[in-house]
Amino acid sequence: MFEARLIQGSILKKILDAIKDLVTDASWDCSPNGMSLQAMDTSHVSLVSVSLNSDGFDKYRCDRNLTLGMNLISLSKIIKCAANDDTIIIKAGDGGDKITLLFEAQNESEVAEYEIKLMNLDSEYLGIPDTTYNVTIKMPSNKFQRICRDLSQIGDAVTISCAKDGVRFGAAGDLGSGSIRLAQTATSDKPEDSVTISMQEALCQSFALKYLNHFAKATPLSAQVTLSMSPDVPLGEPLLFNVCVVEYNISDNDDENPSTIGFIRYYLAPKIDD
Amino acid sequence: KMSQKSITSYFKPN
């Protein structure tokens, strides 16, 4: 028996919006610790990992580990039927071929019930080791979204150059070129507006904007986004250090005392010169 | 010309 109740159902809506255009079919792995999902996009260029802790739910019961394979577009269609302030309850029986979604209106006078068919997916799980990255950039998520959107007018790839004084996002194409430079901000009263750079060495790498624009769909989940990267590593070193991680924390919307209840991490390999 | 490898080249299957 599996049951998870989330008063802030809008969090699930935002998570689906952040992954449904990247991944078609995926499995939610449910354990007593929470729900997680790992999937590659259809062209296998990027990897997305979602995690929601059990203590982020208002009620969470998972008697034994379950894998819920589903079409995320179908799930998204159903989740869209919930109002933003609805409580969402996910229920699954043992060995069932479907899950039930309940949307409870705030005044508890209305309950909508939907079922979604499950799929048996032959998921390929990739091991994601804990890696220390040489460069970590924390910045407002809406600024990152804007930069990716603007630069995709210019070219297909963004070149991220990071030095101690700041970070530069640049793109070039047939019509010309463009760049945005962000300086590290001083400690401010509004941490959500800050730009923080932590680096061991300078870095310059290029990434496909098509994917970064997909990742930026997670912007409504978090005021800040973290980009973690490492410079090109010498031959023989594990290649995974070259992968960029774009991370959005998932927080509950408690204005007084917000807490992190999970994350979305997107992994993208750099574009390299042939 | 720039190219992009599959993410599977970077992470090992579990």
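By convention in this document, chain letters (A, B, ...) are assigned in the order of the sequence lines, proteins followed by strands, and residues within each chain are numbered from 1.
The two residues A:V45 and B:I7 make their nearest non-hydrogen contact at O-CB, 3.3 Å. Residues B:Q4 and A:P270 share a closest heavy-atom pair of NE2-O, 3.9 Å. Residues A:A269 and B:K5 come closest through the heavy atom pair CB-O, 4.1 Å.
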Could you give the side-chain donor-acceptor pairs of residues 16-25 of chain A under 3.5 Å, partners two or more places apart or in another chain?
| from | atom 1 | to | atom 2 | distance (Å) |
| --- | --- | --- | --- | --- |
| A:D21 | OD2 | A:K217 | NZ | 3.0 |
| A:D25 | OD1 | A:N71 | ND2 | 3.0 |

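For the side-chain hydrogen bond (donor to acceptor under 3.5 Å, both in side chains) test, residues two or more places apart in sequence or in another chain that qualify with A:E201 are A:N134.
Within 6.0 Å of CG in A:N120 there are 12 or fewer heavy atoms belonging to other residues, nucleotides or ligands.
Residue contact with chain B, scored on non-hydrogen atoms closer than 4.5 Å, is absent for A:S43.
Rounding to the nearest 0.5 angstrom, the gap separating the OG1 atom in A:T159 from the CE atom in B:M2 is 6.0 Å.
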